[in-house]
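Everything on this sheet refers to the single structure shown next.
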Amino acid sequence: MIGECLRQAGIITESDLQAALVEHKRSGERLGSVLIRMNLATERQIAKALAYQLGFSYVDLVERPPETAAVVVIPKDVALKRNCIAVAVEKNILTVAMSDPLLFTLVQDLEFQTGYRIKQVVATREEIIDAIHRWYPDKALARVTPHGAGLDGRGARFAGTAETAGGGTLAPLTDGLGFGARPDEDVFEQTAAAVRVTPETAPIIDMVDLVIKSALKSRASDIHIEPTEGDVVVRHRLDGLLKEVMDLPKWVHEGLVARIKIMAGMDIAEKRLPQDGRIRASGEDGQEIDLRVSTLRTIFGEKIVLRLLDHRRGVAPLEELGFSAAALDQIRFFLRHQHGMILVVGPTGSGKTTTLCSALTAIRSERTNIVTIEDPVEYQIPGVNQTQINSKINLTFASALRSILRQDPDVVLVGEIRDQETARIAMQASQTGHLVLSTLHTDDAPSCVTRLTDIGIEPYVSASALIGVVAQRLVRRLCTHCRRPYTPESDTLRAMSVTEAEAATLTFHRAVGCDQCNQTGYRGRVGIYEIMSVSDELRRQIAQKGTEAQLRDAALAAGMISLGEDGLSKVKAGVTTPQELLRVVTEVRETEAVCPDCGMNVGRDFVACPSCGHRVSRGCPHCGRPMQSEWKFCPYCAKSALPAPSKPRSRKLAPKRGVPELPAASNVAEFKK
């Protein structure tokens, strides 16, 4: 955070920042201390950068000395120990200069023990120490409360300085006024009152706002707030992968958790059981943003994950999702049906909801009644009636689907098929004149039939209802500003089923990293797809309870392109990298097709069937390189994709009956012997 702010201000360069980060990880020191030790920045520059980043004011204690009435509010030994000094007091607000404005528990303790609301400003450590020695009296002063009271309403005093009614001194309240000194058992069992975080606690509010706004700025989909033994790590999920963006002190954790729980409507006193909640906030442009909040107790405290649902992002059209021309034709063919079921399958986070919403956008019209039931509504689509499930009032997918079918729908979208009841109602709706779109959690397209059977749907019902299945994954898209060509290693080529001879004719790219892509080498994601059209043969296989292998063979024979093959085409086109493809699909297996003449399995790179000799290669008939089915000319040799005309064979006359065939000329001499 500090380093990036200094880099943007032009104080340090990118190379300086990277060198400081390496030393920071090695030594464990704070990044600001490392920058000062390496003579890359001064203490004042770092203090100004920190103040700007957190939204606080910077104060020069030499040009603007503290007020005497304010200084004596905080005892001198506490000011020296915590490196802070009160600089101004107005009504019930005490302005305190700190060298580390992230000490939020110090702010809470000062508010508790002084009775003032604390306003933070930032100054350098050296200036604060000089001001303490210059403006404090020689003796440590007892605490002075606002309005002249000796004690506040709770009878609080500063540790080690205030006197008791009997003349003795109080023992220290805490060692260092911080929650970080408390044992883990005490952290787990604290009550909500001990945290003392309320909507009026400005520093905690600012920190939560900073965490959320930084995630929105970086286009993150999730925020992970994870307590560790010594600090709190904040990570963003960017394009499907987690990246650490903040490293906060341990004592900030309790305030962050309490503030987020209050915003999400959770029970802040419950620290042992997981909780779920929702937050609705407004972005800088005034647009509303929904956040799904989940808490989970770990050995170091509660972990919080926030899923960002940004309604400002519109629904992308189907053409921008990464479908090939042939795949788009298949999707549009599916959507032209008046009834039946279309399933989109894949793991969590593979973009299934985006694909379905794009499909709805493509078919919506004033003549079509489209109703959805989702959990939650991630995209708001004009012209579509969208409903969100609510388990608290027993509004589930199944119960909502029954009501939707009484709303005279033409198209129904079910967010997810989770149980037998939802699946059965959706199947019945697809067979009674409704086009039903939904999702399943399976690895590939053929396995969705097995999943439906496991749920409790008879295979013959699936065979009659299914129109098509789309399996998908998301791979990171290469940044076009910094990608560089390179030659993959032989192991990588082997995993992608690419020969070295074929690789020599292709151009592969690798990720580098620049300012445009946040130094990751990737910007955005694109889908890879496996589209299974339920043909008559495949329908027969499903009804006869065929295995997944049999269904896959039938789908491949009908022209289905596998996930690996579609991803490989995007690697060859420079859209993504081989490493990214293998991260998602693990291995691009050689797909076996079926010979249309004899039915024998044929390898992907086979030119002809080894059993009957029938030509089965989908490659160019002239140069043999792989081609897509919609290509009419080979882009490699510029020749027609039609097979080359075969040369006429010389007819060999059969010998007349009863007349022996003469031997070859080379054997004439031997024949005469």
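Heavy-atom basis, side chains included; hydrogens, waters and symmetry copies ignored.
A distance of 4.5 Å separates CG in Leu106 from CE in Met98, rounded to the nearest 0.5 Å. Taken to the nearest 0.5 Å, the CE atom of Met263 stands 6.5 Å off from the CG atom of Asp209. Note that CZ of Arg406 is 10.0 Å distant from CG of Leu401, once rounded to the nearest 0.5 Å. Ile417 contributes atom CD1, which lies 8.0 Å from atom CD1 of Ile457 (distance to the nearest 0.5 angstrom). To the nearest 0.5 Å, atom OG of residue Ser324 and atom CD of residue Gln330 are 8.0 Å apart. Atom CG of Leu466 is separated from atom CG of Leu452 by 6.5 Å, given to the nearest 0.5 angstrom.
The closest side-chain heavy-atom distance from Ile455 to Leu440 is below 4.5 Å. Counting only heavy atoms from C-beta outward, the side chains of Ile467 and Leu435 approach each other to under 4.5 Å. Residues Met532 and Pro446 have side chains in contact (heavy-atom distance under 4.5 Å, counting atoms from C-beta outward). Lys271 has its side chain out of reach of Arg297: every pair of non-hydrogen atoms, C-beta onward, lies at least 4.5 Å apart. The shortest side-chain heavy-atom distance between Val344 and Leu437 does not fall under the 4.5 Å cut-off. The shortest side-chain heavy-atom distance between Arg280 and Ile289 does not fall under the 4.5 Å cut-off. Here the side chains of Pro376 and Leu309 are in contact, with some heavy-atom distance below 4.5 Å. For the pair Phe323 and Ile531, the minimum side-chain heavy-atom distance is below 4.5 Å.
A donor-acceptor pair under 3.5 Å links the side-chain atoms of Tyr529 to the main chain of Leu321, judged by distance alone. Judged by distance alone, the side chain of Ser438 and the main-chain N or O of Leu343 form no donor-acceptor pair under 3.5 Å. Of the possible polar contacts, one joining the Gln275 side chain to the Asp267 backbone as a donor-acceptor pair under 3.5 Å is found. A donor-acceptor contact shorter than 3.5 Å links the side chain of Arg483 to the backbone of Gly574. Judged by distance alone, with hydrogens and angles left aside, the side-chain atoms of Glu270 form a donor-acceptor pair with the main-chain N or O of Arg272 at under 3.5 Å. Under a 3.5 Å cut-off, the side chain of Glu244 and the backbone N or O of Asp247 do not form any donor-acceptor pair. No side-chain donor-acceptor contact under 3.5 Å links His434 to the backbone of Ala426. A donor-acceptor pair is defined here as one N or O able to donate and one able to accept, closer than 3.5 Å; such a pair exists between the side chain of Asn369 and the backbone of Gln407. Under the 3.5 Å distance criterion, the side-chain polar atoms of Glu580 are left unmatched by any main-chain donor or acceptor of Val475.
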request  = Take Leu238 and Thr520 through the side-chain contact (heavy atoms from CB on, under 4.5 Å) test and state the conclusion after the steps.
outcome  = CA-CA 10 Å; Leu238 302 171; Thr520 62; 5.5 Å; no
Worked check of side-chain contact (heavy atoms from CB on, under 4.5 Å) between Val384 and Thr372 = CA-CA 8 Å; Val384 176; Thr372 73; 3.6 Å; yes
task = For the pair Val469 and Val449, evaluate side-chain contact (heavy atoms from CB on, under 4.5 Å) and give the outcome as yes or no after the intermediate values.
result = CA-CA 10 Å; Val469 183; Val449 178; 6.0 Å; no
request  = Using the side-chain contact (heavy atoms from CB on, under 4.5 Å) rule, take Ile381 and Ile370 through it: C-alpha gap first, then chi angles, then the decisive distance, then the call.
outcome  = CA-CA 10 Å; Ile381 310 173; Ile370 304 175; over 6 Å; no
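Judged as a side-chain hydrogen bond (donor to acceptor under 3.5 Å, both in side chains), and not counting sequence neighbours, Gln428 has no contacts. Ser294 pairs by the side chain to side chain contact (heavy atoms under 4.5 Å, CB included) definition with Asp276, not counting sequence neighbours. Applying the side-chain hydrogen bond (donor to acceptor under 3.5 Å, both in side chains) test to Lys119 and every residue at least two apart in sequence or in another chain returns nothing.
Closest approach of Asp239 to Arg476, counting heavy atoms only: O-CG, 3.4 Å. Between Glu530 and Ala445, the shortest heavy-atom distance links the atoms OE1-N, 3.0 Å. Among all heavy-atom pairs drawn from Ala362 and Leu318, the shortest one is CB-CD1, 4.0 Å. The two residues Arg523 and Cys517 have their closest heavy-atom pair at CB-CB, 4.3 Å. Between Ile425 and Ala398, the shortest heavy-atom contact is CD1-O, 3.8 Å. Minimum interatomic distance between Glu302 and His253 (heavy atoms only, all atoms of both residues): O-NE2, 2.7 Å.
A side-chain N or O of Thr368 and one of Ser365 form a donor-acceptor pair less than 3.5 Å apart.
With salt bridges taken as basic N to acidic carboxylate O contacts below 4.0 Å, none links Lys250 and Asp231. One finds a salt bridge joining Glu319 and Arg332 here, because a Lys/Arg side-chain nitrogen approaches an Asp/Glu carboxylate oxygen to under 4.0 Å.
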Donor-acceptor contacts under 3.5 Å from residues 335-342 side chains, at least two apart:
from	atom 1	to	atom 2	distance (Å)
His337	ND1	Phe333	O	3.0
His337	ND1	Phe334	O	3.2

Residues 345-359, side-chain donor-acceptor partners within the protein, below 3.5 Å, at least two apart:
from	atom 1	to	atom 2	distance (Å)
Ser350	OG	Pro347	O	2.7
Lys352	NZ	Gly346	O	3.3
Lys352	NZ	Pro347	O	2.9
Thr354	OG1	Tyr379	OH	3.0
Thr355	OG1	Gly351	O	3.2
Thr355	OG1	Gln472	OE1	2.7
Thr355	OG1	Gln472	NE2	3.3
Ser358	OG	Ala316	O	2.5
Ser358	OG	Thr354	O	2.9

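Pairs engaging residues 416-435 under the salt bridge (Lys or Arg N to Asp or Glu O under 4.0 Å) rule: Asp375-Arg418, Arg402-Glu421, Glu416-Arg418, Arg424-Glu458 [sequence neighbours left out].
Applying the side-chain contact (heavy atoms from CB on, under 4.5 Å) test between Lys570 and each of Thr577, Leu581, Leu478, Val575 identifies Val575 as the sole match. Just one residue in the list Arg235, Arg292, Arg307 forms a salt bridge (Lys or Arg N to Asp or Glu O under 4.0 Å) with Asp222, and that residue is Arg307.
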